[in-house]
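Report on the structure given below.
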Amino acid sequence: MTDTNRAPSRRERAGETIENNPLALVAGGVALGVVIGALLPRLAKEKELLEPVGKRIAEGASAAAAAAREAGKAEIDALLPKGDDAKGQISKIIGTAFTAAKDASRPRTDA
């Protein structure tokens, strides 16, 4: 048996996975950093220095979420028909479905 016929080793498979999906490696590294950071005790000086930064990040994230929510609402409003138009479209769809069902229930005379 030659080396070309053997199954790839774990190291080779891991290397291929990393090459094919480098973002998974980055996400894994970030997750590992978060876990390690959560397990380490916080120092008073660290808390004192980072608390304002954390507040600004939280405020920025809240503002970004609110802006995204408003943009999403505006996009949905632009896509959906307005009140009377929606009623007209729904009535048309129901009427078409009713007509199709009625036509389908009639016996065919051309066969």
Side-chain angles (χ1 to χ4, degrees):
M1 205 178 251
T2 64
D3 283 338
T4 57
N5 291 336
R6 70 178 175 80
S9 69
R10 287 183 182 168
R11 183 182 299 170
E12 291 169 338
R13 286 191 309 248
E16 289 174 7
T17 301
I18 290 170
E19 286 178 11
N20 293 335
N21 195 359
L23 291 179
L25 179 64
V26 171
V30 168
L32 182 62
V34 168
V35 169
I36 290 172
L39 294 175
L40 293 175
R42 290 212 168 104
L43 302 174
K45 187 67 171 174
E46 178 185 14
K47 186 175 181 180
E48 176 187 331
L49 293 173
L50 294 180
E51 190 171 8
V53 174
K55 285 182 181 179
R56 280 190 305 196
I57 290 172
E59 289 169 358
S62 296
R69 184 175 50 246
E70 291 303 316
K73 284 181 183 178
E75 188 68 26
I76 289 171
D77 287 344
L79 292 174
L80 292 177
K82 300 297 177 234
D84 290 337
D85 292 341
K87 288 178 185 177
Q89 287 180 348
I90 290 171
S91 296
K92 184 179 176 182
I93 291 169
I94 291 172
T96 303
F98 180 72
T99 302
K102 191 166 78 174
D103 291 345
S105 68
R106 289 189 190 148
R108 299 189 79 176
T109 57
D110 60 341

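Cluster partners of Leu39 are Val35, counting Ile, Leu, Val, Met, Phe, Trp and Tyr whose side-chain heavy atoms approach within less than 4.5 Å, directly or via other members. Cluster partners of Val53, using a side-chain heavy-atom cutoff of under 4.5 Å among ILVMFWY residues and allowing indirect links, are Ile57. By the 4.5 Å side-chain criterion applied to Ile, Leu, Val, Met, Phe, Trp and Tyr, Leu32 is assigned to a cluster that also includes Ile36, Leu40.
Every side chain to side chain contact (heavy atoms under 4.5 Å, CB included) that Lys55 has, sequence neighbours left out, goes to Glu51. Not counting sequence neighbours, the partners of Arg11 by the side chain to side chain contact (heavy atoms under 4.5 Å, CB included) test are Ser9.
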Exercise. Dump the intermediate steps for salt bridge (charged side-chain N to carboxylate O under 4.0 Å, His left out) on Glu48 and Lys45, then the final yes or no.
Key: CA-CA 5 Å; Glu48 176 187 331; Lys45 187 67 171 174; 3.8 Å; yes
Got a list of side-chain donor-acceptor pairs under 3.5 Å for residues 91-98, not counting sequence neighbours?
{"unit_1": "Ser91", "atom_1": "OG", "unit_2": "Lys87", "atom_2": "O", "d": "2.9"}
{"unit_1": "Thr96", "atom_1": "OG1", "unit_2": "Lys92", "atom_2": "O", "d": "2.8"}

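Between Lys47 atom NZ and Leu50 atom CG the span is 11.5 Å, to the nearest 0.5 Å.
Here the side chain of Asn21 pairs no donor or acceptor atom with the backbone of Thr17 at under 3.5 angstrom.
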